[in-house]
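This report concerns only the one structure given below.
Heavy atoms only: backbone and side chains are in, while hydrogens, waters and symmetry mates are out. Remember, predicted model here, so these are calculated numbers, not experimental data.
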Amino acid sequence: MLTTERRTQLHRRVRWIVSITIAYNLIEAVVAIAAGGAASSSALIGFGLDSLIEVASAVAVAWQFSRTDPERYEQATLRAISLAFFALAAYLAANAALTLSGALTPEHSPIGIALTALSVVIMPLLSWFERHTGRELGSATVVADSKQTLLCGYLSVAVLLGLLLNSLFGWAFADAVAALVIAVFAVREGVEAWRGDSCATPAGILLEDDEREHAHHGQH
């Protein structure tokens, strides 16, 4: 049984983990999109756009719950997030086709390789820390979000492999394959958002903790 003091500490830790995750995703998005544009890499651009949509969805959900009647905006918010992911998937599929046909030729991207390599290390660490915190709290939502962070780590591995194969062997198709992996991931995220599964977004974690604290204080 957790003490009130320990629970408060864990809630604070969750906020820090989520805040770091959102901040890192934002930086990751800006760097990846810029580097991907310079190298004509669909995989790298898609990687950055996916991170940007993740951050935007967190902001959108946070905005929704700042309204006096959040339920009124729930469906529209989730549908907007879903459509953004579907648009990303379509964009990546089209660019992958152009790359495979030879119309686009991705170039070597040292910045992209460094960024995705960093993400391969950081995302699993954040996921591990969040998962253990969630288990101690007994929060299924925090644990679910840790799995989402781990999936982002796997995505980083796919993009990193594509960039390395293209840089080392000139295999442009590897970049296209990595872009298609992101497209599949984006479709999955879009379907979940369309179904109304928003509890595992970073904003959802923050809001869940706020609701718990309010409920806890209300009992005293």
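- By the side-chain contact (heavy atoms from CB on, under 4.5 Å) test, Ala84 pairs with Ile53, sequence neighbours left out.
- Ala43 and Ile182 make their closest contact through O-CD1, 3.2 Å (heavy atoms, listed as atom of the first residue, atom of the second, distance).
- Legend: residues meeting salt bridge (Lys or Arg N to Asp or Glu O under 4.0 Å) with Arg6, ordered by chain and number and at least two apart, are Glu136.
- Partners of Ser167 by side chain to side chain donor-acceptor pair (under 3.5 Å), not counting sequence neighbours, listed by chain and number: His108.
- In the displayed structure, Ile111 atom CD1 is contacted under 6.0 Å by at most 12 heavy atoms of other residues, nucleotides or ligands.
- Here Trp128 pairs with His132 under the side chain to side chain donor-acceptor pair (under 3.5 Å) rule; sequence neighbours left out.
- Scored by the side chain to side chain donor-acceptor pair (under 3.5 Å) test, Thr133 finds Arg13 as partners (sequence neighbours excluded).
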Ignoring hydrogens and angles, write down the donor-acceptor pairs under 3.5 Å from the side chains of residues 152-161, residues two or more places apart or on other chains.
from: Ser156; atom 1: OG; to: Cys152; atom 2: O; distance (Å): 3.0

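- With sequence neighbours left out, Tyr24 forms a side chain to side chain donor-acceptor pair (under 3.5 Å) with Ser119.
- Every side-chain contact (heavy atoms from CB on, under 4.5 Å) that Val191 has, sequence neighbours left out, goes to Phe86, Val187, Arg195.
- With sequence neighbours left out, Phe173 forms a ring pair (Phe, Tyr, Trp, His ring centres under 6.0 Å) with Trp171.
- Annotation for Leu180: hydrophobic cluster partners, listed by chain and number, are none (ILVMFWY side-chain heavy atoms under 4.5 Å, direct or chained).
- Atoms CD and OG1, from Gln9 and Thr4 in turn, are 11.0 Å apart once rounded to the nearest 0.5 Å.
- The other members of the hydrophobic cluster of Val121, by chain and number, are Leu125 (side-chain heavy atoms under 4.5 Å, ILVMFWY only).
- Residues meeting the salt bridge (Lys or Arg N to Asp or Glu O under 4.0 Å) test with Arg188, sequence neighbours left out: Glu192.
- The distance from the CG atom of Asp175 to the CD atom of Glu107 is 11.0 Å, given to the nearest 0.5 Å.
- In terms of heavy-atom proximity, Ala186 sits nearest to Phe85 at O-CB, 3.3 Å.
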